[in-house]
A.B. asks: 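Could you have a look at this structure, given as structure tokens, before my questions?
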Number of protein chains: 2
Amino acid sequence: MDTPRVVIVGGGFGGLSAAKRLSQIAGVKITLVDKRNYHLFQPLLYQVAMAGLSPAEIAYPLRALLSQDSIEVLLGEVQEVNREERWVQTEANRIPYDFLILACGSTYTYFNAPEWEAVAPALKTLGQATEIRRKVFRAFEEAERTQDPKAHDQFMTFVIVGGGPTGVELAGGLGEITRYNIQRDFDHIRPQEARIILIEGGPVILPSMTPALQAEAVRELNELGVEVRVNAVVTNITKEGITAGGEFISAGTILWAAGVAQGPLNRKLNVELDRQGRVMVTKDLSLPGFPEVFVIGDQAHYKWGAQGAPLPGLAPVAMQQGRFVAKIIRARILGSRAPERFKYIDKGQMATIGRSRAVAMYKGLEFSGFTAWMAWLLVHIYYLIGFKNRVFVLFQWAWTYLTFRRGARLMIEKE
Amino acid sequence: MDTPRVVIVGGGFGGLSAAKRLSQIAGVKITLVDKRNYHLFQPLLYQVAMAGLSPAEIAYPLRALLSQDSIEVLLGEVQEVNREERWVQTEANRIPYDFLILACGSTYTYFNAPEWEAVAPALKTLGQATEIRRKVFRAFEEAERTQDPKAHDQFMTFVIVGGGPTGVELAGGLGEITRYNIQRDFDHIRPQEARIILIEGGPVILPSMTPALQAEAVRELNELGVEVRVNAVVTNITKEGITAGGEFISAGTILWAAGVAQGPLNRKLNVELDRQGRVMVTKDLSLPGFPEVFVIGDQAHYKWGAQGAPLPGLAPVAMQQGRFVAKIIRARILGSRAPERFKYIDKGQMATIGRSRAVAMYKGLEFSGFTAWMAWLLVHIYYLIGFKNRVFVLFQWAWTYLTFRRGARLMIEKE
């Protein structure tokens with residue numbers, strides 16, 4: 001064939017890993033398409049929402065990341081994939097491919113109640129993170145200046161919906177802020193008395209962890225003043241508060257960390273999807289009948305392990321899949337033997353709860369408290385893209401740790 | 001009297017200086033009201049717009065700044081001042097005072113064409129700075145992905161309206177970015193060929209500087225590829241471009257750095273205003289007939305010098321006035337002799353153009369190039385509020401200087 005053209009859709013962990021690996025093959029034209037101009041280090045997004053970090057510390061321009069490699073970067077959102085003629089269409093460009101890697105990630109859903117979004121923002125983008133930050137700090141300001149005790153109590157109540165890692169991190173972050181960062185900043189309110197409630201519809205929080213670590217996480221959250229409610233299904237959210245498990249809670253701030261879903265592209269692909277809308281992929285992560293089209297990361301449903309459950313939406317999964325797909329494409333181009341089946345190397349799981357508080361599991365071992373927190377810190381800083389960002393974030397954290405001050409608690413006005 | 005109550009409206013350079021000084025007097029109740037929850041280091045705002053710095057690096061939470069002092073901070077926008085009954089009214093609170101300091105700063109105007117704002121954003125708030133950043137980097141992405149040569153030329157043309165320090169800094173910043181930061185990031189465009197045009201309606205740029213420094217600024221701007229047009233009055237701005245000095249320029253990005261104005265409060269005060277809407281104050285910065293009401297900083301018109309021109313809207317003016325007013329209030333409370341007339345100590349003026357490029361004047365001396373730039377750097381870092389921010393900004397700049405990389409060039413989505 002002529003110069004093979006590889007198109008990668010999405011500059012997250014999966015797409016970036018694939019791009020970096022593919023750029024090592026000579027004579028391949030690689031185009032990376034993303035609707036944003038930056039790679040986002042999603043695992044630390046909650047830190048932006050909780051005013052611990054600034055957006056630029058966890059996001060890096062794709063062009064800067066890939067400027068040394070012979071990779072074309074195009075801003076655009078893919079709206080159509082034509083597998084017969086082999087091209088993708090964005091709002092501005094039609095891009096032909098010989099190999100296609102879809103790595104679009106996931107989004108969130110409010111199930112059948114999209115109207116909840118206006119009251120309870122989700123945490124998936126940098127814009128949403130700064131919106132949550134504004135909402136949280138605004139609540140304290142409103143509580144401070146109101147003369148109505150009922151309004152005071154409402155503004156001082158924070159509800160987080162969803163007991164996965166993001167929900168736990170947001171709840172823990174709020175516990176930290178109210179107990180250790182702003183407790184002396186106000187004249188009329190006592191932030192350390194804020195009610196923080198973590199609500200989970202299922203029977204446990206952090207369902208992918210072991211029961212011992214789940215219990216430990218609850219204990220550490222309680223220490224930070226967070227109340228954990230399980231088996232509490234949300235039935236209504238309004239400006240006044242939230243109804244969960246049949247009980248109404250008056251709350252000024254409600255944050256949404258539940259309901260993973262897929263963007264609109266998957267439905268248009270006309271392939272088998274799972275209940276969450278993820279694409280069912282073959283054992284080499286390609287689409288059935290289309291060996292040149294791959295789907296990786298959060299967007300794919302890939303069965304793994306004894307129970308045949310899908311791999312979770314974690315950065316290590318996406319990165320390993322990106323490199324695997326690059327290897328297959330390389331083999332096909334060079335005519336060598338391609339690996340047949342993607343094998344996941346378990347990198348463990350962790351969730352942070354607060355300063356010196358975290359839970360982690362790795363190869364059957366379990367950690368909690370300071371050890372887990374240190375491990376979490378080192379792993380995240382190590383993987384943070386870009387040398388400068390690593391140094392900045394490390395410095396920022398050391399500063400916050402030593403002084404208990406959060407510098408980024410700005411409510412930047414919406415324009 | 002009972003415990004004297006001082007209300008300060010505005011947490012900028014003037015209000016903050018007054019608050020800090022007043023908090024040293026025992027037995028005074030001080031309330032600082034601001035519509036934002038942070039102090040903004042305005043002189044570096046253009047750096048946020050030009051992706052050199054992050055918002056949190058030039059803004060600091062007011063509560064954190066004042067947490068050691070016995071100062072009440074209230075979020076709110078003052079909508080009414082009742083000088084007879086001595087209170088101010090925000091959207092949420094009525095706050096009585098014995099002494100009032102108005103330090104609300106200035107805003108911008110599009111003269112008689114408010115519709116220009118939608119196309120040509122101004123630079124006054126952090127939200128606007130990130131909006132400008134998004135717009136600038138979006139233009140390069142659009143130029144990169146378009147197949148239409150006319151659209152390419154339009155997206156590659158940037159016009160800055162207003163030849164004051166802000167306009168010069170924006171134009172110089174754009175010159176820097178296109179020539180030294182992103183010139184190798186694209187496949188289809190050459191950012192270093194971007195047209196950058198600085199438009200000024202009057203006969204010179206930087207009108208408050210000397211002719212020699214004005215000429216030097218033009219020279220340094222030209223070196224960065226910026227075209228300077230004077231005597232070019234803007235008569236129209238549309239999505240397609242701008243008409244100035246009778247000529248139409250097709251431009252994808254137009255930035256507004258002209259037209260200083262005042263917020264709506266001044267008109268409600270029922271006092272004498274100058275043409276820009278500033279409050280005419282007496283020689284001790286109080287309102288005629290109301291010795292307990294002071295107006296300082298950008299909001300005030302205070303005649304000074306041989307020509308009796310008003311003091312310019314600079315941080316040193318606001319800071320000196322804040323401290324002067326605090327001194328008067330202290331004397332009144334303690335019954336000692338108050339100073340009669342505000343005297344301004346000239347701190348000079350400077351404008352930065354780019355890396356190693358600036359112009360400055362101080363006590364009759366003139367500087368340009370690297371010397372002026374170093375002076376500018378040191379002065380700005382020295383005055384930057386908060387120890388951590390100083391270190392961060394210094395590090396950020398050293399990084400950008402050494403590597404020619406700008407980390408903060410994110411286009412964060414609007415929600």
Side-chain angles (χ1 to χ4, degrees), chain A residues 35-38 51 53-57 59-61 63-64 66-67 71-76 90 92-93 121 125-131 137-138 140-142 144-147 181-182 184-188 386 388-389 391-392 395-396 399 403 405-415, chain B residues 35-38 40 51 53-57 59-61 63-64 66-67 71-76 90 92-93 121 125-128 130-131 137-138 140-142 144-147 181-182 184-188 386 388-389 391-392 395-396 399 403 405-415:
Chain A
K35 60 181 170 180
R36 306 220 171 80
N37 79 333
Y38 52 85
L53 294 173
S54 283
E57 285 158 355
Y60 212 79
R63 295 193 183 282
L66 299 171
S67 62
I71 295 173
E72 181 189 31
V73 178
L74 268 187
L75 190 76
T90 74
N93 300 93
T125 67
L126 275 178
Q128 288 166 335
T130 51
E131 163 72 14
F137 287 99
R138 176 133 217 129
F140 293 113
E141 297 292 341
E142 295 284 357
E144 171 81 355
R145 72 185 190 180
T146 187
Q147 273 109 42
N181 298 124
I182 61 166
R184 271 186 295 272
D185 280 1
F186 294 85
D187 294 290
H188 307 295
K388 193 198 71 178
N389 285 20
V391 178
F392 264 57
F395 184 30
Q396 185 87 335
W399 182 267
T403 64
R405 285 161 81 176
R406 276 172 202 252
R409 51 182 201 270
L410 313 173
M411 302 175 350
I412 299 173
E413 61 283 0
K414 274 173 135 168
E415 291 307 312
Chain B
K35 60 180 170 181
R36 306 221 169 80
N37 79 332
Y38 52 85
L40 177 63
L53 294 173
S54 284
E57 285 158 355
Y60 212 79
R63 293 193 185 282
L66 299 170
S67 62
I71 295 173
E72 181 188 32
V73 178
L74 268 187
L75 190 76
T90 74
N93 300 92
T125 68
L126 274 178
Q128 287 166 335
T130 51
E131 164 72 14
F137 287 98
R138 176 135 216 127
F140 293 114
E141 298 291 342
E142 295 284 358
E144 170 82 356
R145 71 185 191 181
T146 187
Q147 274 109 42
N181 297 124
I182 60 166
R184 271 186 295 271
D185 281 1
F186 294 86
D187 294 291
H188 307 294
K388 193 198 70 177
N389 284 20
V391 178
F392 263 57
F395 184 30
Q396 184 88 336
W399 182 265
T403 64
R405 285 160 83 176
R406 274 171 204 252
R409 51 182 200 272
L410 312 174
M411 304 177 345
I412 298 174
E413 61 281 2
K414 275 172 135 168
E415 292 306 313

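All chains are named by letter (A, B, ...) in the order of the sequence lines, taking the proteins before the strands, and each is independently numbered beginning at 1.
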A.B. asks: Side chain from CB out, backbone as N, CA, C, O: work out which of these in A/Q147 comes under 4.5 Å of a heavy atom of chain B, or both, or neither.
C.D. replies: side chain
A.B. asks: Taking atom CG of A/N37 and atom CZ of B/F140, what is their separation to the nearest 0.5 Å?
C.D. replies: 12.0 Å
A.B. asks: If you count heavy-atom pairs under 4.5 Å with chain A, which of B/R145, B/R184, B/R138 comes out on top?
C.D. replies: B/R145
A.B. asks: Find the distance between CG (B/L75) and CD (A/E144) and round it off to the nearest 0.5 Å.
C.D. replies: 10.0 Å
A.B. asks: Once side chain to side chain donor-acceptor pair (under 3.5 Å) is applied, do any residues pair with B/E141, and if so which ones, sequence neighbours excluded?
C.D. replies: A/R63
A.B. asks: At a heavy-atom separation under 4.5 Å, does B/I71 approach chain A through its side chain, its backbone, both, or neither?
C.D. replies: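 Contact with chain A involves the backbone of B/I71 alone.
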A.B. asks: Please give me the minimum heavy-atom distance between B/V73 and A/D187, naming the atom from each residue.
C.D. replies: N-OD2, 3.9 Å
A.B. asks: Quick one: of A/K35, A/H188, A/E57, A/E142, who has the most non-hydrogen atom pairs under 4.5 Å with chain B?
C.D. replies: A/H188
A.B. asks: Please enumerate all residues that pass side chain to side chain donor-acceptor pair (under 3.5 Å) together with A/N93, with sequence neighbours excluded.
C.D. replies: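 Side chain to side chain donor-acceptor pair (under 3.5 Å) list for A/N93, sorted by chain: empty.
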